[in-house]
Engineer: 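Provided herewith is a single structure, encoded as structure tokens, for subsequent inquiry.
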Amino acid sequence: MVQRLLGLPWIHTAYDVALAVLVGCLTASYDQGLDPFIGGAMALVLLFRRYRPMLVMGLVSGLALLQPPLATVPAMYDVALLVAMVSVVTHARSMRHACTAGAIVLLGVVAAFGGFLPFGEESGESLGDIVAIGGVCAAVWLTAMVLRTRRLYVASLEARAATAEREREHLVRLAAAEERAEIARELHDVVAHSLAVMILQADGAGYVLKSDPDRAGSALKAIADTGRDALEDMHRIVRVLRGGRAPARVRRRTRTPVAAGSRWTTWRRWPSVPATRG
């Protein structure tokens with residue numbers, strides 16, 4: 001239930017908006033220089049972090065570079081850098097981009113707290129603080145990498161499931177085509193056998209038409225019955241070919257003359273003809 005809820009698009013949008021609002025609220029506590037502008041710009045840019053993660057990372061980094069001369073450094077709204085880094089790691093296509101985002105954040109930590117920038121000399125942060133903050137950033141990067149790996153794994157499972165479903169549907173279509181071919185062969189057998197019986201009965205009727213009219217009449221009746229049976233069987237098999245339901249077995253009666261003018265009745269049970277849907 002939770003995974004299905006998290007998979008909804010509006011949930012992702014709401015989450016991104018919540019992150020942007022959080023950065024905006026953190027910015028509200030600063031009123032020196034261009035803090036409101038820089039923090040607000042970072043919050044606005046984060047709304048597009050899923051679509052262009054590297055571009056968002058570049059814009060947030062560029063805004064962070066404006067902080068030393070124009071705003072407060074460090075500021076709580078700099079958490080936008082971590083959010084942008086996580087976005088690159090989890091959504092970027094290339095692993096190189098993920099490593100680049102992590103390197104940018106670590107360089108920013110070293111530059112901010114190591115004295116390489118003017119505000120670093122004033123703050124006088126110790127090496128322990130650099131290690132601690134850098135460790136937090138590294139932990140966030142590793143967590144994002146785990147999320148990326150899991151997302152790619154789930155995507156591969158979904159792709160394999162989709163492939164298996166397409167293969168299964170293809171096999172079902174092949175089986176249906178083979179079954180229809182078998183039914184077509186059965187139809188051919190029904191028609192061929194019935195026509196052979198009707199031809200033999202007609203020849204017998206013609207042979208005894210003058211000498212024994214009763215036998216000729218019986219032969220003609222057998223021809224009519226055979227034709228009706230064959231037509232009924234054909235209708236059943238055609239319904240199967242069209243996807244309708246048909247009896248499990250096609251049972252038909254044929255009248256085959258042993259000699260001219262004589263007849264006997266047999267029952268023939270044809271193989272099972274399952275109903276399929278086209």
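When reading the values below, keep in mind they use all heavy atoms of this one structure, side chains included, and skip hydrogens, waters and symmetry mates.
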Engineer: Which pairs count as salt bridge (Lys or Arg N to Asp or Glu O under 4.0 Å) when at least one residue sits in residues 38-53, sequence neighbours excluded?
Structural biologist: Asp16-Arg49, Asp16-Arg50
Engineer: Enumerate the residue pairs fulfilling side-chain hydrogen bond (donor to acceptor under 3.5 Å, both in side chains) with a member in residues 33-43, sequence neighbours excluded, ordered by first and then second residue.
Structural biologist: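 Passing the test, one end in residues 33-43: Asp35-Thr72, Asp35-Tyr77.
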Engineer: State which residues pass side-chain contact (heavy atoms from CB on, under 4.5 Å) with Val88; sequence neighbours excluded, sorted by chain then number.
Structural biologist: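 Val88 satisfies side-chain contact (heavy atoms from CB on, under 4.5 Å) with Pro53, Met54, Met57, Ala92, His97, Ala101 once adjacent residues are dropped.
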Engineer: If you link ILVMFWY side chains whenever their heavy atoms are less than 4.5 Å apart, which other residues fall into the same cluster as Tyr51? By chain and number, please.
Structural biologist: none
Engineer: With a 3.5 Å cut-off and sequence neighbours excluded, list the donor-acceptor pairs that the side chains of residues 165-172 form with protein atoms.
Structural biologist:
from	atom 1	to	atom 2	distance (Å)
Glu165	OE2	Arg168	NH2	2.9
Arg166	NH2	Thr163	OG1	3.2

Engineer: How far apart are the closest heavy atoms of Ala64 and Pro68, and which atoms are they?
Structural biologist: O-CD, 3.5 Å
Engineer: So which pairs with a foot in residues 146-168 pass ring-ring contact (aromatic ring centres under 6.0 Å, His included), sequence neighbours left out?
Structural biologist: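 Passing the test, one end in residues 146-168: no pairs.
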Engineer: Run the side chain to side chain contact (heavy atoms under 4.5 Å, CB included) check on Cys137 and Leu82 step by step: do they pass?
Structural biologist: CA-CA 7 Å; Cys137 295; Leu82 292 179; 3.7 Å; yes
Engineer: Excluding sequence neighbours, so at least two apart, what forms salt bridge (Lys or Arg N to Asp or Glu O under 4.0 Å) with Arg185?
Structural biologist: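 Counting only residues at least two positions away or on another chain, Arg185 forms a salt bridge (Lys or Arg N to Asp or Glu O under 4.0 Å) with Glu182.
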Engineer: Scan for salt bridge (Lys or Arg N to Asp or Glu O under 4.0 Å) pairs involving residues 88-108, sequence neighbours excluded, and state none if there are none.
Structural biologist: none
Engineer: Report the residues that fulfil side chain to side chain donor-acceptor pair (under 3.5 Å) with Arg228, sequence neighbours left out, ordered by chain and then residue number.
Structural biologist: Asp225
Engineer: List the residues meeting side-chain contact (heavy atoms from CB on, under 4.5 Å) with Val146, not counting sequence neighbours, and say none if there are none.
Structural biologist: none
Engineer: Determine, stepwise, if the pair Tyr15 / Ile11 fulfils side chain to side chain contact (heavy atoms under 4.5 Å, CB included).
Structural biologist: CA-CA 6 Å; Tyr15 182 69; Ile11 291 293; 5.5 Å; no
Engineer: Can you list every ring-ring contact (aromatic ring centres under 6.0 Å, His included) pair that touches residues 208-231, not counting sequence neighbours?
Structural biologist: none
Engineer: For Leu70, which residues count as a side-chain contact (heavy atoms from CB on, under 4.5 Å) partner, sequence neighbours excluded?
Structural biologist: Leu34, Leu66
